[in-house]
Amino acid sequence: MEAKLLILALAPVAILLAYTLFRDKYEREPWRMLVKALFLGAVSTIPVIFVETFLSVFNPLFSGMTLVFWNSFVVAAFTEELFKLLLLYLLIWKSTEFNEKFDGIVYAVFISLGFAAIENIMYVFDYGTQVGYIRALTAIPAHFLFGINMGYFVGMAKFYPDKKGRLMRAALLYPLALHGLYDFILMSEHPQALIIFLPFVFFMWKIGIKKMNQLSDNSIYRNDFGDGQNLFKK
């Protein structure tokens with residue numbers, strides 16, 4: 001039974017990791033770096049739990065939708081995405097392996113799914129197979145898409161150093177906003193909010209795959225910003 005739960009928890013993670021590697025067309029990343037990224041994402045659950053526990057101490061200061069906002073955007077989204085970004089930066093920014101824009105997406109996804117793997121194991125072992133199936137279709141792909149958005153902007157920042165500050169801020173704010181809104185919709189348990197959940201998930205997939213396509217199809221020698229040029233014009 002425990003083996004089946006473990007497979008259920010990790011199978012969606014493995015599928016999305018394999019898809020990310022499949023999309024890395026030009027120069028495959030070394031396994032040692034990929035394993036390190038996955039490990040760092042998994043280990044990040046430890047400080048995240050401590051910080052989220054600390055921030056939850058302030059829950060009595062809020063009520064209603066403000067409490068939902070605090071827990072979704074600050075306790076969960078801000079804490080988790082900040083640690084992911086810090087680890088991503090420390091791992092790859094000065095590495096010689098970071099030589100393509102798409103590398104930002106690859107390593108961000110590995111870190112994000114490393115985190116999601118441990119989180120998913122805890123949920124599945126605590127709540128069983130039904131939760132495992134639901135999270136395989138929702139939470140795990142969501143972390144995958146948060147990683148794509150983070151990695152997209154980190155990859156652009158590496159090759160456009162004059163816009164590094166704005167792009168790195170976007171590398172935190174974009175996944176934070178998506179993560180926070182995702183959690184807010186679910187935590188609110190409000191019927192009107194839940195109505196927009198599926199369209200919101202579709203929207204995340206649309207922009208995530210679009211960003212992945214843009215960097216996967218472009219070499220590092222392209223000088224265009226694609227979608228980013230309108231967001232970061234001086």
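Residue numbers run from 1 in the order of the sequence given. This one's a predicted model, so the numbers in the text were calculated from it and none came from an experiment.
- Between L5 and G128, the shortest heavy-atom contact is CD2-C, 4.2 Å.
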Q. Where do D24 and E100 land on the side-chain contact (heavy atoms from CB on, under 4.5 Å) test, with the steps shown first?
A. CA-CA 10 Å; D24 190 11; E100 294 178 343; 3.8 Å; yes
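- The ring-ring contact (aromatic ring centres under 6.0 Å, His included) check on F110 picks up nothing, with sequence neighbours excluded.
- Of the inter-residue distances, the one linking S44 atom OG with I49 atom CD1 reads 9.5 Å to the nearest 0.5 angstrom.
- Rounded to the nearest 0.5 angstrom, S95 OG and M33 CE are separated by 3.5 Å.
- Between W205 and F144, the two ring planes are tilted [angle within 30° to 60°].
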Q.
Could you walk me through whether K4 and T129 satisfy the side-chain contact (heavy atoms from CB on, under 4.5 Å) test, starting with their C-alpha distance in whole Å, then the side-chain angles of each, then the deciding distance to 0.1 Å, before giving a yes or no?
A. CA-CA 9 Å; K4 291 182 179 179; T129 56; over 6 Å; no
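- In the displayed structure, K25 atom NZ is contacted under 6.0 Å by more than 12 heavy atoms of other residues, nucleotides or ligands.
- Considering all non-hydrogen atoms of both residues, P12 and N120 come closest at CG-ND2, 4.5 Å.
- To the nearest 0.5 Å, atoms CG (L113) and CD1 (I118) are separated by 12.0 Å.
- Neither I121 nor Y127 shares a network with the other; the hydrophobic side chains, linked directly or stepwise wherever heavy atoms of I, L, V, M, F, W or Y lie under 4.5 Å apart, form separate groups for each.
- Residue E52 comes nearest to V75 through the heavy atom pair CG-O, 3.0 Å, listed as atom of the first residue, atom of the second, then distance.
- In the model, H179 has no side-chain atom that pairs as donor or acceptor with a side-chain atom of K84 under 3.5 Å.
- In the hydrophobic cluster analysis, where Ile, Leu, Val, Met, Phe, Trp and Tyr join through side-chain heavy atoms closer than 4.5 angstrom, L38 is grouped apart from V43.
- Within a 6.0 Å radius of CZ in F98, other residues, nucleotides and ligands contribute more than 12 heavy atoms.
- Looking at T79, its side chain never comes within 3.5 Å of a backbone N or O of A76 through a donor-acceptor pair.
- Below 30°, between 30° and 60°, or above 60°: for F146 and H143 the angle between ring planes is above 60°, a perpendicular geometry.
- Nearest heavy atoms, F78 versus L172: CE1-CD2, 4.4 Å.
- No hydrogens or angles considered: a donor-acceptor pair under 3.5 Å links the side chains of Q214 and Y152.
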**Q.** Evaluation steps, side-chain contact (heavy atoms from CB on, under 4.5 Å), between T53 and S56
**A.** CA-CA 5 Å; T53 301; S56 296; 5.7 Å; no
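- Summarising the geometry, atom CD1 belonging to I140 is positioned 9.0 Å from atom CG belonging to L10; distances are rounded to the nearest 0.5 Å.
- Both I92 and F159 are part of a single hydrophobic cluster, where members link through side-chain heavy atoms under 4.5 Å apart.
- By the 30° and 60° cut-offs, the orientation of the rings of F54 relative to F58 is perpendicular.
- Scanning all heavy atoms of the two residues, the minimum distance from S216 to R23 falls at OG-O, 2.9 Å.
- Note: the hydrophobic cluster containing L198 does not contain F202 (ILVMFWY, side chain heavy atoms under 4.5 Å, direct or indirect links).
- For the atom pair K211 NZ and L145 CG, the distance stands at 10.5 Å (nearest 0.5 Å).
- Using a 4.5 Å heavy-atom cutoff, the side chains of F102 and E27 are not in contact.
- Between R32 and E97 there is a salt bridge, since a side-chain N of the basic residue sits under 4.0 Å from a carboxylate O of the acidic one.
- Residues L40 and L90 are not in side-chain contact: their nearest non-hydrogen atoms beyond the backbone lie 4.5 Å or more apart.
- Note: F73 and F184 have tilted aromatic rings, judged against thresholds of 30 and 60 degrees for the angle between ring planes.
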**Q.** Residue pair F153, Y174: steps toward the ring pair (Phe, Tyr, Trp, His ring centres under 6.0 Å) verdict
**A.** CA-CA 9 Å; F153 288 107; Y174 268 66; 4.6 Å; yes
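- Crowding of F200 atom CZ: a count of heavy atoms from other residues, nucleotides or ligands under 6.0 Å exceeding 12.
- Side chains of V51 and F83 form a contact here, defined as non-hydrogen atoms less than 4.5 Å apart.
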Q: Evaluate the side-chain contact (heavy atoms from CB on, under 4.5 Å) criterion for residues L21 and L34: first the C-alpha distance (whole Å), next the side-chain angles of each, then the deciding distance (0.1 Å), finally the verdict.
A: CA-CA 10 Å; L21 292 178; L34 296 174; 3.7 Å; yes
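- Between S112 atom OG and L17 atom CG the span is 10.0 Å, to the nearest 0.5 Å.
- When all heavy atoms of L91 and A37 are compared, the closest pair comes out as CD2-CB, 3.6 Å.
- Linking Ile, Leu, Val, Met, Phe, Trp and Tyr whenever their side-chain heavy atoms come within less than 4.5 Å leaves I134 and L194 in two separate clusters.
- Within the 4.5 Å cutoff, the side chain of L137 has no heavy atoms near those of the Y133 side chain.
- In this pair, Y182 and F197 present their aromatic rings tilted. The plane angle is within the 30 to 60° band.
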